[in-house]
Amino acid sequence: MALIAEHIIEQVREANDVVDVVSDYVQLKRSGRNFFGRCPFHNEKTPSFSVSPDKQIYHCFGCGAGGNVINFIMEHERLDFLSSVKLLADRANIHIETDSGEPRKKDDRASIYNMHEIAARVFERQLNESSAKSAKDYLLKRGLSEETLKTFRVGFAPDSWDTVTLEVMKLGLSQDVLTRSGLLMPKNGGGYYDRFRNRIMFPIMDINGKVQAFGGRIFGEADGAKYMNSPETPIYHKGRTLFGLNQSRDEIRSSRTAILVEGYMDLIRLYQEGFQNVVAGTGTAFTPEQAGLIKRFADKVLVCYDGDAAGQKAAQKAGLTLLDKGLDVRIIQIPKGEDPDSFFDEKDTKAFQKLIGSALDFMTFVLRANQDQMDSPVKRTAFLEGMVSELAVMQNEILRGMLAGQLADEMHVPEEAVMGLLKRQSKRVRRSDYTPDARPAPQQAQSNMLRRPESGAEKAEFELLRLHLSQDESLLNWLTSTIGDEDIKAFHYVEIFQMLHGRLRKELPINHSRLLDEIESAEIRRFIARLINEARPDLESISHAHQCIKTVRWWAIQREMDELKQLMRDADARGEDSQEYFRRKVELQLEQRDIKPNPTPM
C-alpha cells in the first residue's frame with residue numbers, strides 16, 4: 001500500500017462507483033436504496049448480495065463477503081491490493097505514480113519473485129535441451145503430455161553447480177537477498193552454487209500464477225532425497241501454500257468441490273485426465289491454513305492420498321483438519337500399492353469417477369483403515385481413546401459431538417461413555433482457572449469469534465461496535481473516553497474493539513473505505529463491512545451507547561455469579577468453607593440490581 005500515495009488511492013476509489021464495477025460481474029437490480037444480485041463468491045438461487053451506492057460497499061447476507069470496491073476486485077480477480085488499485089485506475093483512466101520511498105522489504109520480495117521467474121525459465125529451457133532428453137523421455141513415459149508439461153512449467157535442473165547462479169547473479173542483488181531467496185547455497189569460501197541439481201523441477205506458484213518456490217524430484221542414479229523442496233523464504237510459506245491452486249481455483253469455485261492429493265505428479269496427472277479441481281500440499285503435513293485456503297473456494301473436499309498405510313494415516317489427519325474448518329469431507333480409497341498418479345497407468349477416468357462415487361465419509365474411513373486395532377478389547381479401547389483425544393481439539397463443538405456419536409455407534413460402545421470421555425478431554429484442552437478479579441476471555445477460533453451475536457451481552461457489544469463506526473464525533477468522543485482497555489479485554493469481540501478503539505484515537509470519525517483497505521484478514525473485513533452495512537442512524541446516540549454498556553456489564557456480572565454458584569456447590573460437596581464466594585455473590589447481586597439495562601434493539 002505504501003507504493004501508491006494515499007490521495008491517489010482515494011481518487012481511484014472515488015472514480016470507481018461500486019455499483020458500476022460490480023455490475024461488470026453481477027447482474028444487479030435495485031430494491032429500495034440498494035442493489036441486489038446473486039453472490040459471485042458462492043452458489044445461491046435467491047439473490048442475497050447487496051451493493052450500497054450510499055455507503056460504497058457490498059455485503060452478502062449468505063456467505064458474509066463484504067468490503068469496498070477495491071476489496072471486491074481483490075476477492076473476485078484474486079489480485080493483491082496494489083494490482084487491484086492499478087486495475088481500477090486503468091478503468092478510470094487515472095495515471096498512477098509509484099512512491100519512490102518503497103520499503104526495502106517489498107523491494108526484496110519483488111527481487112526474489114524475479115529470481116524465481118528467471119529460474120523457472122532456465123529449468124524449462126533445460127528440459128528441452130538434448131542433454132536432458134532422458135529426463136524428458138522419463139516424464140513422457142510417465143504419461144504426461146507435452147501440453148501438460150508446458151501448462152505446469154515443468155523443467156529440469158542439470159547436474160551443474162552454477163546454471164541458475166550465473167543467471168541471477170546478473171541482477172546485481174545483495175548477498176542478503178541472494179541467500180534468503182532459497183535458490184542458492186553459500187560456499188564456504190564465498191560465492192554461491194545452485195540448490196537444485198539433477199532434478200525434475202516443479203514450480204510452486206502463488207494463487208496469481210507467480211513462481212514462489214520449487215519442488216525438485218531426483219533423477220537417475222544421483223544421491224540425495226527423492227524430493228527436495230524450497231525452504232521458507234520471504235515469499236513462500238509451505239504451510240500456507242497449495243500446489244496447483246492457481247490452475248484449479250476456477251474449477252473448484254465452479255464445482256464447490258476440491259480433490260486433495262499429496263504429490264506434484266499426482267496432481268498433474270489428475271489434472272491432465274480431466275479432474276481439474278485438484279490441489280496438493282507442498283512437502284509438509286497438511287495444515288489448518290491450507291484447509292482455510294481451500295474453504296475460500298470449496299464446500300466439499302475429496303481426500304485422495306496414497307493407498308499404503310502411511311497415505312491412509314495422512315488422509316485421516318488431513319480429513320480431521322478439513323472437517324474442523326467446516327468442510328464436507330470424503331475419502332477416496334486408492335487401491336493398496338498405488339497412488340493417484342500410477343492409478344491411471346492401467347485404468348481410465350471412468351474408473352476414477354467410480355472411486356469418487358464410492359468415497360467414504362470420514363469416520364467410516366477411519367474405522368475401516370484401522371481394522372488392525374479392533375481385534376482385542378485393549379486395542380479397541382486404546383484406539384477409541386486416541387480418536388476421542390483428536391476430536392477433543394476440534395473447535396466446532398457440534399461437529400465433534402456428532403463424530404463422537406458416530407464413533408460410538410460404529411464401535412458398538414455406549415454413547416454416554418464416549419461423550420463423557422470427549423467432555424473430559426475437551427475440558428483438559430480448554431481448561432482455564434477462575435479468578436474473580438480478572439476472568440480472561442475464552443480462547444476461540446476467529447471464525448467463531450466473528451459469528452452472529454447470540455447472547456444479550458454479544459448483541460449489546462455488536463451495537464457498540466456499530467456505534468464506533470458512526471460519523472457523530474460527539475458520540476465517538478464519549479465512547480473513547482468511557483470504554484477503557486481493561487473493559488475491552490472482557491468483551492467477546494475483543495479483537496474488533498481493540499482495532500476500532502485504537503483507530504478512533506488516530507482518526508475521528510473513521511474513514512470506512514480506508515479502514516477496509518487496510519484490513520488484511522478477509523474474515524474481519526467482512527465482519528466490518530457487515531457492521532457498516534447494518535448501520536442504524538436512528539440509534540446513534542450517547543444514551544443508546546450507555547444502555548449497551550450497562551447491558552454488557554449486567555451480563556458480565558451474571559456470568560461471574562453463575563461461576564460462583566458452581567464454586568459454592570463444589571466447596572459444599574467437599575465440606576469446605578464457601579463464605580468468600582457467598583460474600584462476592586451478594587456484592588454482585590447488589591451491583592446488578594442497580595444496573596437495570598433496557599433491551600438492546602437489533
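Computation of the quantities below employed the complete heavy-atom set of this structure, encompassing side-chain atoms and omitting hydrogens, waters and symmetry-equivalent molecules.
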CD (Q27) with more than 12 external heavy atoms under 6.0 Å: no
Close side-chain approach of I235 and H116, heavy atoms under 4.5 Å: yes
From CA spacing to verdict: side-chain hydrogen bond (donor to acceptor under 3.5 Å, both in side chains), E77, Y25: CA-CA 10 Å; E77 298 292 342; Y25 302 86; 3.0 Å; yes
Derivation and outcome, side chain to side chain contact (heavy atoms under 4.5 Å, CB included), residues I268 and L144: CA-CA 8 Å; I268 294 172; L144 301 185; 3.7 Å; yes
Flag if over 12 foreign heavy atoms under 6.0 Å of CD, E147: no
Proximity of F49 and F61 rings by center, below 6.0 Å: no
Distance-only polar pair, side chains of D250 and S248, donor-acceptor under 3.5 Å: no
Side-chain heavy-atom pair Y58, E75 within 4.5 angstrom cut-off: yes
Lys/Arg-Asp/Glu bridge criterion (N-O < 4.0 Å) met for D375, R380: no
Backbone N/O of K210 and side chain of D206: donor-acceptor pair under 3.5 Å: yes
Test item: F72 and P40 side chains (from C-beta on) under 4.5 Å apart, heavy atoms: yes
Steps toward side-chain hydrogen bond (donor to acceptor under 3.5 Å, both in side chains) verdict (D20, S23): CA-CA 5 Å; D20 292 341; S23 294; 5.5 Å; no
With D137 via side-chain hydrogen bond (donor to acceptor under 3.5 Å, both in side chains) - residues at least two apart: K133
Exam field: side chain D194 to backbone T163, donor-acceptor pair closer than 3.5 Å: yes
Distance under 6.0 Å and angle within 45° of ring axis: K347 vs F343: yes
Value rounded to 0.5 Å, distance of CZ in R249 from CG in L242: 13.0 Å
Side-chain H-bond candidate by donor/acceptor type, S111 with N114, under 3.5 Å: no
Side-chain touch I334/D306, heavy atoms, less than 4.5 angstrom: no
Sub-6.0 Å ring centroid separation between F243 and Y264: yes
Under 3.5 Å donor-acceptor, R199 side chain and A157 backbone: no
NZ on K325 to CG on L322, rounded to 0.5 Å: 10.0 Å
Residues Q316, N370; criterion side-chain hydrogen bond (donor to acceptor under 3.5 Å, both in side chains); working and verdict: CA-CA 10 Å; Q316 179 177 322; N370 290 276; 3.3 Å; yes
From NE2 (H42) to SG (C60), nearest 0.5 Å: 4.5 Å
Side-chain donor-acceptor pair present, Q333, Y305, cut-off under 3.5 Å: no
Modelled atom types, side-chain donor and acceptor of Q272 and T148, under 3.5 Å: yes
Derivation of the side chain to side chain contact (heavy atoms under 4.5 Å, CB included) call for F352 and L355: CA-CA 5 Å; F352 191 76; L355 287 184; 4.2 Å; yes
Any side-chain heavy-atom pair of I294 and V279 under 4.5 Å: yes
CD (Q175) with more than 12 external heavy atoms under 6.0 Å: no
Flag side-chain contact, heavy atom, 4.5 Å: F275 against F344: yes
Carboxylate-amine/guanidinium contact D345 R269, below 4.0 Å: yes
N-O pairing of E117 and R121 below 4.0 Å: yes
Nearest-0.5 Å distance, CG of residue N43 to CZ of residue R253: 10.5 Å
Distance in Å, N229 CG paired with R195 CZ, rounded so as to fall on 0.5 Å steps: 10.5 Å
Neighbour count >12 (heavy atoms, 6.0 Å) for atom CE, M374: yes
N71 (side chain) donor-acceptor with N68 (main chain) under 3.5 angstrom: yes
Candidates T151, V278, L267 - the one meeting side chain to side chain contact (heavy atoms under 4.5 Å, CB included) with Q247: T151
Enclosure of R256 CZ (heavy-atom neighbours >12, cutoff 6.0 Å): yes
Polar side-chain atom of E44 near backbone of C39 as donor-acceptor pair, under 3.5 Å: yes
Within-4.5 Å side-chain heavy-atom neighbours: M394 and L403: yes
Pairwise distance NZ(K300) to CD1(I259) - rounded to 0.5 angstrom: 10.5 Å
Main-chain N/O of D339 paired with S342 side-chain donor or acceptor, under 3.5 Å: yes
F202 and R153, any side-chain heavy atoms less than 4.5 Å apart: no
